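What you see is a predicted model, and the numbers here were worked out from it, not measured in a lab. Below, each value reflects all heavy atoms present in this structure, side chains not excepted, and no hydrogens, waters or symmetry copies. Every number for a ligand or one of its atoms is a count from 1 in the order of the listing.
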Amino acid sequence: MAFTTDTTEASSSEERPDDLLGPGTAIAATLRSTLGPNGLDKMVIDRSGSVVVTNTGATVLDGLEIDAPIGRVIRNAIQAHARHVGDGTTTTALLVGELLDAADGLAERGLHPTSIVDGYASAVSHARDALDELSVPVDPDDERLGEVASTAVTGRWDAAATERFADITVDALRAVDCDAARLTIHAYAGGGLADSERVNGILVDVDSSSTTIDGFGTDDRRALADPTVALVDAEVTPPPSEASGTVTVRNPDDLAAVREHERAAGDRLIRSVADRDVDVLVCQKSIDDAVKTDLARAGVLPVERTRRDEFDAIARAAGATAVAAVADLDRDALGTVGSVRRRSVGGGAVIEFSGLPGESHESLLLRGGTPHVAAETKRIVEDGLAVARHAASGGGVVPGGGAGMMAVSRAVADRASSVDDRSALALEAFADAVTVVPRTLARNAGADPIDALVALRNRRHDGETAAGVARSGAVRDMFDAGVVEPVAVPARCLETAVRTAGLVLRIDETLDAEPIDGSEVDGDGRRGHAHGGDDGHGHRGGHTHGSGHTHGGEHGGGGHDGGYPWALSH
Ligand code: ADP
Ligand code: MG
């Protein structure tokens, strides 16, 4: 999606250049319509022309092509948040836009940016208290956990699919006692969402582990019952010939002898595996091609280049110990599982280890019609999983649908009325800004945002603190509606939004990089900007020049007197 920020009407502050506040507002404006259960989809088209249809804030944000450096700073901050929390990307983006907008108004009224930033920061701490007060604990067996997962994935699929995914996600999480290391998610193209399933076992990707399953053929019904499993944490190659160093071959007989030697070494290796009745040899690295074929012929299933986490999981699940070389395999190192079988999935295959006697493991096998849908499904399920884990790990949950933000708004507004300095203005602005969540949910549901806000305030006043904007646009009790989110989600959204807005507000101007020889900075003619924060991509400070270079007015076109103490480009 081509995305160039229109900054002409974003900021009217005379002191602050437009391009500082515009991008934040523009990003918010782009994401606004995707918020909540009635969020609309965006079609994101990247430069290569591939198309993704999504209403996941994080995916849209990834797809935006943002020219303005400040826009990139904002995006990176929000993306870091999304990776950490797993939900609330759109909410954070809307909050950033709203806080920047409000700051603009405050600056016009003469408030210094530092006071605004301080005011916002103090508002966040009151917000956290208000959210904690609103939150209720949830334990892993609570049915609320399912509601947390479904709230997080609402709007991505139809109601039935949402329900189903929330169920498999939460069931899997419970089955592993909320231990993320024992739960893996696989997504494959081909098949529909409804073909997704939860597997009590470990799946090994045949494609990514490039396992030869010749021995298995393509018959899905073939399964190894109670196979002995060995794990080797190294490459499996025939041992080098004993006379180490270079072997000089003088005639064809010598060559034959070398080959014979290698074959014998290979044979010994195969025999040492087969003699120990190993049925499945799981290797973390590659297995020599000839050895692989011989193993398969000897009835051993070779599984090579197994992902590290899966390799470790198999060891724990089978009660086996990984060894450094095939020669180290002994009885104690071997383990077993109930069954190992091949399964066709989409165009490829996976190997499934099930009936695990040791540590149990759950795998979610997700399906989507195309690779994009499969990847998006995986992302959404991961988000649901992340928030369910947050909720179950003791933080508690708050009602969704904007109820949390209403509580925050009330608390911060109360605080504002009790302080008598200028920071009250920033607190008031913050209290208004956070209502962007219920307002937007109402608007996206086709309801009037102001009416919704008034109704929410009245309900709160009557003690209904869980009142929020429902899918229908009406105001109702969110606990009754099953719309709940971990307290960490709104809390982190606010923290990230304030930190990001602060980052932008503390910048007082962007500095065009001045090339010392007067030529353009970038090949594509763009000028670099100095932006007051590391955007995580190392855009900061491409070149640093001593101030001496910039004296004497040699830098053509810039027209800045005296020169900067540095010049930046990216
Ligand atoms: P984000 O990227 O911020 O997570 P979403 O599009 O997921 O954006 O929308 C999240 C918002 O939608 C939250 O405020 C959440 O409480 C609200 N929400 C989710 N499901 C429902 C629902 N069924 N009814 C009302 N609000 C909901
Ligand atoms: Mg969400």
Side chain proximity check, [X] to [Y], heavy atoms < 4.5 angstrom:
{"X": "R422", "Y": "H112", "value": "no"}
{"X": "T465", "Y": "F479", "value": "no"}
{"X": "L64", "Y": "T30", "value": "yes"}
{"X": "T59", "Y": "R379", "value": "yes"}
{"X": "L427", "Y": "Y120", "value": "no"}

Suppose we measure from [atom] to each protein heavy atom; which comes out shortest, and what is that distance?
{"atom": "atom 7 (O) of ligand 1", "answer": "R156 NH2, 2.9 Å"}
{"atom": "atom 14 (O) of ligand 1", "answer": "V437 CG1, 3.8 Å"}
{"atom": "atom 10 (C) of ligand 1", "answer": "L35 CD1, 4.0 Å"}
{"atom": "atom 23 (N) of ligand 1", "answer": "V483 CG2, 3.5 Å"}
{"atom": "atom 15 (C) of ligand 1", "answer": "E485 OE1, 3.4 Å"}
{"atom": "atom 16 (O) of ligand 1", "answer": "G401 N, 2.7 Å"}
{"atom": "atom 27 (C) of ligand 1", "answer": "P37 CD, 3.5 Å"}
{"atom": "atom 3 (O) of ligand 1", "answer": "T91 OG1, 2.6 Å"}

N/O of [X] under 3.5 Å from N/O of ligand 1, yes or no?
{"X": "G88", "answer": "yes"}
{"X": "G36", "answer": "yes"}
{"X": "D87", "answer": "yes"}

Roughly how far apart are K378 NZ and I380 CD1, rounded to 0.5 Å?
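Between atom NZ of K378 and atom CD1 of I380 there are 13.0 Å.
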
Using heavy atoms and a threshold below 4.0 Å, how should the contact between V469 and ligand 1 be classified: side chain, backbone, both, or neither?
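For V469, only backbone atoms sit under 4.0 Å from ligand 1.
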
Between D87 and G384 (side chain of the first, backbone of the second, donor and acceptor by atom type, cut-off under 3.5 Å), is there such a pair?
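No.
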
Has the side chain of S363 got a donor or acceptor atom that lies under 3.5 Å from a matching backbone atom of G201?
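Checked: pair present.
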
If the cut-off is 2.8 Å, does any N/O/S atom of D383 fall short of it from the Mg ion (ligand 2)?
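So D383 does not count as coordinating the Mg ion (ligand 2).
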
Atoms in ligand 1 flagged as close to [X], the criterion being non-hydrogen separation under 4.0 Å:
{"X": "T151", "value": "19 (C), 20 (N)"}
{"X": "R471", "value": "24 (N), 25 (C)"}
{"X": "T34", "value": "6 (O)"}
{"X": "G400", "value": "16 (O)"}

L456 and P438: which non-hydrogen atoms are nearest, and at how many Å?
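Where L456 meets P438 most closely, the heavy atoms are CD1-CB, 3.5 Å.
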
Mind listing the closest non-hydrogen atom pair of A194 and R164 along with its distance?
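Scanning both residues completely, I find the closest heavy atoms to be O-NH2, 3.1 Å.
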
Would G39 count as a contact of ligand 1 if the rule is a heavy atom under 4.0 Å away?
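No.
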
Looking only at N, O or S atoms in D87, which is nearest to the Mg ion (ligand 2)?
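Closest N, O or S atom of D87 to the Mg ion (ligand 2): OD1.
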
Side-chain donor-acceptor pair present, E310, T184, cut-off under 3.5 Å
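Judged by distance alone, the side chains do not pair up.
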
Could you point out which residue of L145, L183, V381, V153 forms a side-chain contact (heavy atoms from CB on, under 4.5 Å) with T169?
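Going through L145, L183, V381, V153 one by one, the side-chain contact (heavy atoms from CB on, under 4.5 Å) with T169 is satisfied by V381 alone.
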
